[in-house]
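A quick write-up on the structure given underneath.
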Protein chains: 2
Amino acid sequence: MENYKRILGQNLRKAREALQLSQEELAHEIDIDRTYISGIERGVRNPSLDVIAKIAQRLKTTPAALLTRPAQSRRSESA
Amino acid sequence: MENYKRILGQNLRKAREALQLSQEELAHEIDIDRTYISGIERGVRNPSLDVIAKIAQRLKTTPAALLTRPAQSRRSESA
DNA sequence: ATGTGACTAATAGTCCGTT
DNA sequence: TAACGGACTATTAGTCACA
């Protein structure tokens with residue numbers, strides 16, 4: 001079984017940094033605790049769908065995207 | 001904000017029925033209560049990533065797929 | 001075979017701090 | 001700025017009786 005918590009964490013961090021947000025800023029904006037964001041990024045937390053959706057929304061992406069393994073080479077999407 | 005609980009529920013039901021499983025059978029196989037599956041399909045539950053991943057695995061799909069809006073007309077994917 | 005409300009046990013999620 | 005721990009509270013995980 002894939003480690004989706006880890007995939008989520010990696011994607012989240014990448015997306016957050018792409019928007020040049022600190023964990024603290026992100027956390028504050030979506031009203032989630034900063035230590036919780038930290039835990040999710042490290043793959044040690046098991047967030048609920050609502051939290052995943054909330055984060056995705058702020059990072060201008062989707063839950064599906066945050067849960068997609070990065071190395072998947074989907075050319076057709078960004079083209 | 002999109003209702004991802006609902007999207008998940010719809011996709012889950014579709015995927016389950018495609019495999020001709022009853023809620024009861026699915027629930028039994030992945031060791032989750034039947035009524036809990038029912039709640040997720042109806043979009044009234046807010047499951048954690050672990051639960052979503054477990055269900056996805058049994059339905060031979062992925063969390064990302066279960067969280068993707070169906071009516072999204074993404075031509076490039078299946079073509 | 002599924003929907004639903006109500007319920008406890010477990011854990012998601014917060015808030016405090018230190019490194 | 002972020003990792004990490006401990007103690008706390010809110011919500012989810014998981015179960016039941018019944019429609």
Side-chain angles (χ1 to χ4, degrees), chain A residues 1-70, chain B residues 1-70:
Chain A
M1 172 139 140
E2 287 267 14
N3 187 349
Y4 283 102
K5 292 203 284 285
R6 189 144 185 171
I7 293 173
L8 173 65
Q10 291 171 344
N11 289 335
L12 164 50
R13 178 162 298 181
K14 204 176 298 178
R16 177 178 62 77
E17 289 177 343
L19 294 178
Q20 296 190 299
L21 288 169
S22 66
Q23 289 180 354
E24 205 161 10
E25 287 167 330
L26 171 59
H28 179 71
E29 291 196 35
I30 61 181
D31 208 50
I32 283 183
D33 197 82
R34 94 195 132 71
T35 67
Y36 195 52
I37 298 286
S38 170
I40 295 172
E41 287 194 3
R42 282 176 288 129
V44 300
R45 290 290 194 153
N46 181 31
S48 69
L49 179 52
D50 275 348
V51 167
I52 296 170
K54 213 159 148 184
I55 293 171
Q57 164 143 309
R58 176 58 189 89
L59 297 181
K60 300 177 198 295
T61 181
T62 60
L66 289 179
L67 291 171
T68 300
R69 223 177 319 117
Chain B
M1 171 141 142
E2 287 265 16
N3 188 348
Y4 282 102
K5 292 202 283 288
R6 191 145 183 172
I7 293 173
L8 171 66
Q10 291 171 344
N11 288 335
L12 164 50
R13 178 161 297 180
K14 205 176 298 179
R16 177 178 64 75
E17 289 177 343
L19 294 177
Q20 296 190 300
L21 288 169
S22 66
Q23 288 181 355
E24 208 162 11
E25 286 167 330
L26 170 59
H28 179 72
E29 291 196 35
I30 61 181
D31 208 48
I32 284 182
D33 196 84
R34 170 187 78 71
T35 65
Y36 193 53
I37 299 287
S38 170
I40 295 172
E41 287 194 3
R42 281 175 291 128
V44 300
R45 293 283 195 156
N46 180 28
S48 69
L49 180 52
D50 276 349
V51 168
I52 296 169
K54 207 161 149 185
I55 294 172
Q57 163 142 311
R58 175 59 189 89
L59 297 181
K60 298 177 199 295
T61 182
T62 61
L66 290 179
L67 292 171
T68 300
R69 216 177 327 119

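A, B, ... follow the sequence lines: proteins, then strands. Residue 1 opens every chain.
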Open item on the list: So does B:Gly43 get a backbone contact from the side chain of B:Arg6, meaning a donor-acceptor N/O pair under 3.5 Å?
Closed with: no
- [ ] Answer yes if the side chains of A:Asp50 and A:Ser48 hold a donor-acceptor pair under 3.5 Å, and no otherwise.
- [x] no
Task: Sugar-phosphate, base or nothing in reach of B:Ile37, heavy atoms under 4.0 Å - done: nothing
- [ ] Compare the minimum distances between each of C:dT4, C:dA12, D:dC4 and the side chain of A:Asn46, then state the nucleotide with the smallest one.
- [x] C:dA12
Open item on the list: Can a side-chain donor-acceptor contact be found between A:Ser38 and A:Arg42 if the only test is distance below 3.5 angstrom?
Closed with: yes
Task: Sugar-phosphate, base or nothing in reach of B:Asp31, heavy atoms under 4.0 Å - done: nothing
Task: Below 4.0 Å: OP1/OP2 of C:dT2 and any side-chain N or O of B:Arg34 - done: no
Task: Nearest-Å distance for atom pair CG/P, residues B:Leu12 and C:dT2 - done: 11 Å
Open item on the list: Side chain of A:Gln23, heavy atoms from C-beta onward: which of C:dT2, D:dA2, D:dT12 has the nearest atom to it?
Closed with: D:dA2
Task: Interatomic distance where NZ belongs to A:Lys5 and P belongs to C:dG13 [whole Å] - done: 12 Å
Open item on the list: It should be established whether A:Arg45 places a side-chain nitrogen or oxygen under 4.0 Å from OP1 or OP2 of nucleotide C:dT14.
Closed with: no
Open item on the list: What's A:Glu24 touching, base or sugar-phosphate or nothing? Going by heavy atoms closer than 4.0 Å.
Closed with: sugar-phosphate
Open item on the list: From CG of B:Leu49 over to C1' of C:dA12, roughly how many Å is that when rounded to an integer?
Closed with: 13 Å
Task: Contact nearer the 5' end of DNA chain C, comparing B:Gly39 with B:Ser48 - done: B:Gly39
Task: Nucleotide nearest B:Val51 (side chain, heavy atoms from C-beta), chosen from D:dA3, C:dG3, D:dG14 - done: D:dG14
Open item on the list: Rounded to whole Å, please give me the gap between CD1 in B:Ile52 and C1' in D:dG14.
Closed with: 16 Å
Open item on the list: So if I take every side-chain heavy atom of A:Tyr36 and compare against C:dA12, D:dA2, D:dC4, which nucleotide ends up nearest?
Closed with: C:dA12
Open item on the list: C:dG3, OP1 or OP2 - any side-chain N/O from B:Ser38 closer than 4.0 Å?
Closed with: yes
- [ ] Take the protein atom CG of A:Asp50 and the nucleotide atom C1' of D:dA10, then report the distance between them rounded to whole Å.
- [x] 13 Å
